[in-house]
Each structure stands twice: as structure tokens, then as C-alpha cells.
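Quick note on labels: first sequence line is chain A, next is B, and so on, each numbered from 1. Quick caveat, the model's predicted, so the values are computed rather than measured.
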Amino acid sequence: MIWYREHGRDLPWRNTQDPYVIWLSEIILQQTRVEQGLPYFHRFLEAFPIVTKFAAADEGEILRLWQGLGYYSRARNMHKAAKMVVDEFGGVFPQRYAEAIRLSGVGEYTAAAIASFSANEPKAVVDGNVYRVLARYFGIAEPINSSQGKKRFAKLAQEVMDVDHAATYNQAIMDFGALQCRPKRPHCAGCPLRLDCVAYNAGSIEMLPVKLKGKASRDRFFHYFIIRTDDHILMSKRGTADVWANLYEFPMIETEHDTPVDALRGSAAFAAHFQLDAHLFELEKVSKHVLSHQNIYAKFYILPDPAMCHAKKSNWTYHLLEKIDTLAKHKLIFSFLEKNKQLINPKI
DNA sequence: TAACCGTGGGT
DNA sequence: TACCCAAGGTT
């Protein structure tokens, strides 16, 4: 397609038919901008040039490489998937849709991407770009995030795809959505499809696609405690049932409402872990972190005397100060560490 | 099936 | 500012 040759972006995973490399790039790019994902793609490919190396790594190393990308379940699912490739496919990464979709973290979109880009299997990709292009071109006002809408768009995408050029078609329609039929201020004036575009002719480009709104975010209040000896610092590994699963952070207490330090020190949760007369230095004002479905208000405190922490939870463990770089942490923590290096490393 | 899962950039 | 969006998937 001429348009693609002129405007398509030259990205490293486009010049390969290796399903492992395609899988790597597709998982990294889920809900992620190319500019943000690109360095991670290179980082992972360098650390794990083949899928068997990925499978052999430990989860901590993978999460550490993933640190900062968000949606950390993608990293854990990749590890599972790599092990599945070794155990169930003899270490040969599957190219077919029916096989790829069995892998953890690989859904319909990613399986279609792997199958079409690696083997030209005629499976249409349906991502945010495709929803937008189809909704506008065919003038479909059905919500793209309702279950019925998803089925309708998936069916339509498969019907209109060029089955003889699956890889090129899939790449092209996504590029078309990203660059030409973009969300805001699309380039309709010079669009080669505008004469047949239902939404363009109806003047409803800006209204499509339709997306149902989710419910509002909830507010959460996190209180983090910096507890260190001369050469160690107490860190806590998060559980699996909540945000930032399996990542490390400082020991913390969550409160139901915005809680001033004095009220915090009087709380049962505080008494469960700390001496009641423990000194507490408040470090920063509350910082707000907006996540997908929650607003997290975080405060940091220093507990100058580590002995005042008398009851450590089983997931609270001391780590050498010089080793905390090797722990996978979420953004709230590693950006705090970045801003407060002198607190953690007195040698600086 | 609707809720949940991060982070960053654009408007 | 507050919201939308970005190469989605799992439970």
C-alpha cells in the first residue's frame, strides 16, 4: 500500500517474522505508547534473545526489567507463557493463532498479531485503532467496550480484512488508525477513504467510536515508613491480590480516610507494628498518584529508631542498602528513592 | 460481565 | 484541571 510505504513507521519488530520477537513487542505495547515501550523492547531482547532464556529467568529479574512500564501482570504472564513454550511446544514459539492464544497473557489481539505477522495467517487484529477506523468508516455507534459491540467489531474486522495479505493489512489498518484516522483532529481533508466514510459524510467523526464510561476511581491513603539501620532498609513485598502485585515497597499502613500523623500514631494498625512512643518524621506532603481505577494519596515518614518497629509482618524483610536497586519497585517507590537518595545512601 | 490492572502524553 | 487515550488480558 502506497500510503503505508510513505507514512508507516519503521520500528524494529517490523522487520522480523520471528514469533518470539513479535510476541515480545506486542505484549510490551499493550496499552503502552511506542515511545515508552521501545527501550523496554530492546532491554528484554538483549537480556533474553531467545524464549528459552526468558523461561529460565527468575520472576524477580523479569519484574525488575519491567519496572516502570505498569500493568505488571503482563510481565508475570510473559514468564508463564515462556515456560509454556518450553514445556508444551518444545521451546519453539508457536506461529498459529490456535496455539498462540493458549499462552498466558495472549488474547485475541496478540494471537492475531503473532499469527499474521509471523505466518500470514488471515486473522484480523482488533485493537483501539481498528475499533476507531471501523466505527467511523462504517458509522457504527455501538459501544466498542460492550460485549455485544466487541463481537460485532471482531466479526466485521474479519470480514473486511484482505486475507491474501494478512500481515500487511493488519499492520496498515493499525497505522492508519494511529496516524491518519487518529482520535483527535483526524486528517479527514486528505483522507483517501473520506468519500466512502459514513461518519465523515454524516459529520460525526468526533462522536465515534462510542465508549461506555466506567465507574469513578476510589481514593486510597497509603502511609509509608522508612526504617533503616546503618546498612539495611526494611522493605515489604506486596501480595498478589491488589495493585502492584509482587513488587517491593516500604512497609506501609493503609487508612480508610486522609489521616493526620497524630491520628495515625493512635491507630490500631500502627500499634500492631510500632511502639506507641515511636518518633515519626513526616517527609513530604501528600502526593497524589492517579492509577487506572484508583487515586492513591501517599505520605512518607521516617522512623529514626528501627527498634521501635516491634512486630514485623512476614513480608517485611531487611535488605542491604546497596542491593535495593535490584528489587522491582513500583513508580511511587522508585521515584521517591530517586528524589531522596541521601536518605537511603548516606555516602552520597 | 464488569471490575481491575500503571504509566505517560495530549488537550 | 480533568479527562481521554495508548499495538489488551484476566478474573
Report yes if a side-chain nitrogen or oxygen of [X] is closer than 4.0 Å to either non-bridging phosphate oxygen (OP1 or OP2) of [N]; otherwise report no.
X	N	value
Gln31(A)	dG8(C)	yes
Tyr72(A)	dT7(B)	yes
Gln294(A)	dC5(B)	yes
Arg132(A)	dA6(C)	yes
Lys150(A)	dG8(C)	no

Pick base, sugar-phosphate or nothing for [X], based on heavy-atom distances below 4.0 Å to the nucleic acid.
X	value
Gly68(A)	sugar-phosphate
Ser104(A)	sugar-phosphate
Arg218(A)	nothing
Val106(A)	sugar-phosphate
Trp13(A)	base
Leu69(A)	base

Spacing between [X] atom [atom1] and [N] atom [atom2], to the nearest angstrom:
X	N	atom1	atom2	result
His293(A)	dC3(C)	NE2	C1'	14 Å
Asn145(A)	dG8(C)	CG	C1'	13 Å
Glu35(A)	dC5(C)	CD	P	18 Å
Leu212(A)	dC4(C)	CG	C1'	15 Å
Gln67(A)	dC5(B)	CD	P	19 Å
Ile333(A)	dT7(B)	CD1	P	11 Å
Ile144(A)	dC4(C)	CD1	P	12 Å
Arg76(A)	dG6(B)	CZ	C1'	12 Å

- Task: Assign each of Glu26(A) and Lys80(A) to its nearest nucleotide of DNA chain C by heavy atoms, then name whichever residue's nucleotide is nearer the 5' end.
- Result: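 Whichever sits nearer the 5' end wins; that is Glu26(A).
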
- Message: I'd like to know if Lys329(A) pairs up with Glu249(A) as an ion pair, taking the criterion as any Lys NZ or Arg NE/NH1/NH2 lying under 4.0 Å from an Asp or Glu carboxylate oxygen.
- Response: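 Salt bridge flag = no for Glu249(A) with Lys329(A).
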
- Query: Does a salt bridge link Lys184(A) with Glu206(A), judged by any charged N lying under 4.0 Å from a carboxylate O?
  - Reply: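 No.
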
Which nucleotide wins on minimum distance to the side chain of [X], given the candidates [options]?
X	options	answer
Lys331(A)	dG6(B), dG8(B), dG9(C)	dG8(B)
His330(A)	dA7(C), dC5(B), dT7(B)	dT7(B)
Lys215(A)	dA3(B), dT1(B), dA6(C)	dA3(B)
Thr110(A)	dA6(C), dG9(C), dG6(B)	dG9(C)
Tyr109(A)	dG6(B), dG9(C), dT11(B)	dG9(C)
Asp242(A)	dT11(B), dG9(B), dC5(B)	dC5(B)
Trp244(A)	dA7(C), dC5(B), dG6(B)	dG6(B)

- Task: Report the relative orientation of the aromatic rings in Tyr40(A) and Trp66(A); use parallel for angles under 30°, tilted for 30 to 60°, perpendicular for over 60°.
- Result: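 Ring orientation of Tyr40(A) relative to Trp66(A): tilted.
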
- Side-chain donor or acceptor of Ser292(A) under 3.5 Å from a matching atom on the base of dG6(B)?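 Such a pair is found, so the answer is yes.
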
- Mapping Ala241(A) and Ser146(A) to their closest nucleotides on DNA chain B, which lands nearer the 5' end?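 Nearest nucleotide further toward 5': that of Ser146(A).
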
Atom [atom1], compared across [N] and [M]: separation rounded to whole Å:
N	M	atom1	value
dT11(C)	dG6(B)	P	14 Å
dA6(C)	dC5(B)	P	22 Å
dA7(C)	dA3(B)	P	24 Å

- Do Phe270(A) and His223(A) pass the ring-ring contact (aromatic ring centres under 6.0 Å, His included) test, and can you show the C-alpha distance, the side-chain angles, and the key distance before you say yes or no? CA-CA 10 Å; Phe270(A) 188 84; His223(A) 306 266; 9.8 Å; no

Whether [X] side chain and [Y] backbone form a donor-acceptor pair below 3.5 Å:
X	Y	answer
Arg136(A)	Leu208(A)	yes
Thr16(A)	Trp13(A)	no
Arg132(A)	Ala135(A)	no

